[in-house]
Amino acid sequence: MATLVIVESPTKAKKIRNYLPKGYRVEASMGHVRDLPKSASEIPASVKGEKWAQLGVNVEADFEPLYLVPKDKKKVVKALKDALKGVDELVLATDEDREGESISWHLLQLLKPKVPTKRMVFHEITEEAIREALDSCRDIDDQLVRAQETRRILDRLVGYTLSPLLWKKIAWGLSAGRVQSVAVKLLVARERDRRAFKQGSYWDIKATLEQAKSPFEAKLISLGGTRIATGSDFDENTGQIAAGRNVVLLDETQAQALKQRLETSVWTVSNLEERTSTPKPAPPFTTSTLQQEANRKLRLSARDTMRTAQSLYEKGFITYMRTDSVNLSQQAITAARDCVEQKYGKEYLSPKPRQYSTKSKGAQEAHEAIRPAGSTFRTPQETGLKDRERSLYDLIWKRTVACQMANARQTHITVSIEVDDAIFKATGKRIDFPGFFRAYVEGSDDPNAALEDREVVLPPLKQGDTPTCTELEPIGHETKPPARYTEATLVKTLEKEGIGRPSTYASVIGTIIDRGYVHPLNNSLMPTFTAFAVTELLDKHFPDLVDVKFTARMERTLDEISTGEAEWLPYLKGFYSGDSGLAGQVQARESQIDPAEARTVDLDDLSAKVRIGKYGPYIEAVNNDEEGDETVRASIPLDVSPADLSDAQVQVLLKQKTEGPEKIGLHPETSEPIYALIGPYGPYVRLGDKTEENPKPKQVSLPKGVTRESVDLEMAVGLLSLPRLLGVHPETEAKIKASLGRFGPYVVHDQGKEGKDYRSLKGDDDVLKITLERALELLAQPKRGRGRKAAKPLRELGKHPDSEELINIYDGPYGPYIKYEKVNASLPEGKKVEDVTLEEALEIIAAKAATKKKTTRRKTTTKKTTKKSTTKKATTKKASTAKKSSGTTAATKKKSTTAKKSTSQRKKAASSDAE
């Protein structure tokens, strides 16, 4: 019997094919095969005149969606229809979530199979799981399909109804979304808190003490029986001590005076307390917690995390990655406990298998947590994975294994030490049994290093001891504004508030970045001025749509629709139709929204106005002079945040606009003026004026950490002279230069055809002062890829007798190999790493190098032959083409004109109906 199995992706198809019986054919749908129209050009002519056509949802006929097969999917659908011919059975094996159920339903509607059809679901791609899924096929779950369709329709109604309003009132290309607009509001609210923040300052004293020749530190906590003020005692809005706080606030003078008074006093241990704690391992990963931890530990975005996890799932390394459940199957628990026993020993196992249950009402317990696939867990080293996939798998493996390990046991020690009327406190921590910490510590890449960091050792102390004070150091502190959201903390907040689904957070965050609502800054999310304008408009005129509680209630209702507890049609009608529905609200309020007001961002304590223009945000102020009032506008650089824009910055930007750039001086050699300016990408220096003869004068961005105000003539001349020639390499005689690039200052060894070898400068290196000797030192160090640590050799064999360069053995994707300069040679079959001698390595390298030379010569010969052949063909072709050219010119012009017209007619809508 012939059976056709349809999955979403070629990778998944390739993997699953290995586990199916003979007679099964697997094809990929390449994701969704039908969707709502994404642009006006996709709308069929038969409905183009309808009011609802742009929405893609017939709101007048019970919200019937207009489904179309996108152009790029027509070939796929045809191929699937052809594959269906001649089979006896169709199995739809798309993912097990709502989205996967929807894809299967759409396939069923499009293919209209005349053979028996089954729905097969599995949460991991292993032979056992696939065989089990084949034996327990079911029908398509209509309730899941309806729940997904309702979400899709709701997101389309919100996006396509509000986005055009934003285009008219603020700027073209903006979008609103059911979840994205609430996420943006959270970011904007935090940025406003940062702007309203007033800094406070306080001082305390750190003491270095010694007992039995063992040093330890203690911190001042009280003076005269009253607690010393810390950062948490300040009011963020005033920068002063909050009302009702009875604390001592020290300034620098008082701290220094107290230091002098205590230096000659006797220190006595007045109290010692020990408290035990038993931290428990975190549950295995859900979609949300995986995104959070991958962002914290691996600095991956939510989007990159999900892409990598999808790849790992489709290759059969992990279970399905879109899940709300922390549940583990008995098979997984057994596999995890076997790993613990083999790697760490029986004493590290939890006394009983740990079972985790999900608290979220909407979670689907039929799903498992994200874990390594199979009945036995491959260690990260056994997978053969590399780079990002290896790192994410390692994270999932450790978290899963750790959840079946014993609790850690810690002892916290607090020592109070009196000196005159002051009390200092020393704290220590002792790890009595590491337990699961051996495998996994949240927020840390290296569990062993984290264990060392967690232990704070104090010398043996008892009440009445008199340790010696060796140093007293007054330390000044300043309170910090509320931290911006990172992707991890935003995902955590969205899930905690019940906004959207964790499986959509990656696309939501990606959308708000792509739309220009957020500018990623280091690992944080900085909302832009455009985000402020959009949030103000929505908050003022459509408050429910950006209200956290309202959006969470909407999410709960959508979950109830999936379980049959709520009806989808009455809900959509209530949300969209009638005077109180979204469509009625937009129609009623559109005329009340003044575009000039909507484009203005209201910032406290700023004298100038901030507006959103066609090319981005700008400041606007009235310049009063003898000739009268003049409105001046200046663009705001991309790196200036709404929280940090000040009147001083405004004045600099306006002055540059009205008076021209600030002149630093004249270049000592050319006598051209050198200017300091602020552009859209930050401060820079420029040599000379812009003229018709010189439309693009040389300019150089300032290095990171250098402010415009700190640039003098000497520094400006140095920056404009980059790249600097430092000298030549003593071995290659090639030039070595220092310069500034996209990723900061660097040195480069330029060997012409041999290539360029780059190294980034370290923290203390100055691109304007670095010497040839220092550059050679940096170039001699192993090159590190961005975001990756330099590979450590499995074994160092020694130096090559001719060049003195190191010969090492490394671990590669195809097994161990010997590396010498640019030659990589695999170890002979059966040869162990520890058995290779330097002499053998030299022979292997020589043989490999000789092979490379032969290959290079062969390629060169082939290129020359091909070139001659091509020249002959080109000569023959030229003659025949000349005859045709005159007859085809007119036709070509006609085609070109038609193509231009066609392109202009295919203008796509910029709205987004993503969550």
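The structure displayed is predicted, hence computed values, not measured ones. Residue numbers run from 1 in the order of the sequence given.
- Between R484 and E191 a salt bridge is recorded (basic side-chain N to carboxylate O distance below 4.0 Å).
- We find that R194 and E236 are not joined by a salt bridge, their nearest charged nitrogen and carboxylate oxygen being 4.0 Å or further apart.
- There is no side-chain donor-acceptor pair under 3.5 Å between Q292 and Y505.
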task = Report the C-alpha distance between S288 and E495 in whole Å, list the side-chain angles of each, state the deciding distance to 0.1 Å, and finish with yes or no for side-chain hydrogen bond (donor to acceptor under 3.5 Å, both in side chains).
result = CA-CA 7 Å; S288 167; E495 186 181 38; 2.7 Å; yes
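- T511 and Q180 share no side-chain donor-acceptor pair at under 3.5 Å.
- At distances below 3.5 Å, at least one donor-acceptor pair connects side-chain atoms of S507 with backbone N or O atoms of T504.
- Using a 4.0 Å cut-off between charged nitrogen and carboxylate oxygen, R192 and E536 count as a salt-bridge pair.
- Not one N or O on the side chain of T94 forms a donor-acceptor pair closer than 3.5 Å with the backbone of E8.
- Here the options are K609, K169, K540, the test is salt bridge (Lys or Arg N to Asp or Glu O under 4.0 Å), and the partner is E597; only K540 passes.
- Salt bridge absent: K73 and D35 never bring a charged side-chain N and a carboxylate O closer than 4.0 Å.
- For the atom pair CG (L55) and CD1 (I153), the distance works out to 11.0 Å, reported to the nearest 0.5 Å.
- Note that R190 lies in the cation-pi zone of Y485, set by a 6.0 Å cut-off to the ring centre and a 45° limit from the axis.
- At least one donor-acceptor pair closer than 3.5 Å links the side chain of Q585 to the backbone N or O of S580.
- A salt bridge does not link E487 with R303: every distance from a Lys NZ or Arg NE/NH1/NH2 to an Asp or Glu carboxylate oxygen is 4.0 Å or more.
- Between D604 and R195 there is no salt bridge, since no side-chain nitrogen of the basic residue lies less than 4.0 Å from a carboxylate oxygen of the acidic one.
- Cation-pi geometry between R156 and Y160 is met: the NZ or CZ atom falls under 6.0 Å from the ring centre, inside 45° of the normal.
- When atom types are taken as modelled, the side chain of S562 and the backbone of D559 share a donor-acceptor pair closer than 3.5 angstrom.
- Counting only N and O atoms by type, the side chains of Q310 and R322 include a donor and acceptor under 3.5 Å apart.
- Using modelled atom types and a 3.5 Å distance limit, the side chains of S607 and D647 yield a donor-acceptor pair.
- A salt bridge links R296 to E293: at least one charged side-chain nitrogen sits closer than 4.0 Å to a carboxylate oxygen.
- Rounding to the nearest 0.5 Å gives a distance of 8.5 Å between CG of D544 and OG1 of T551.
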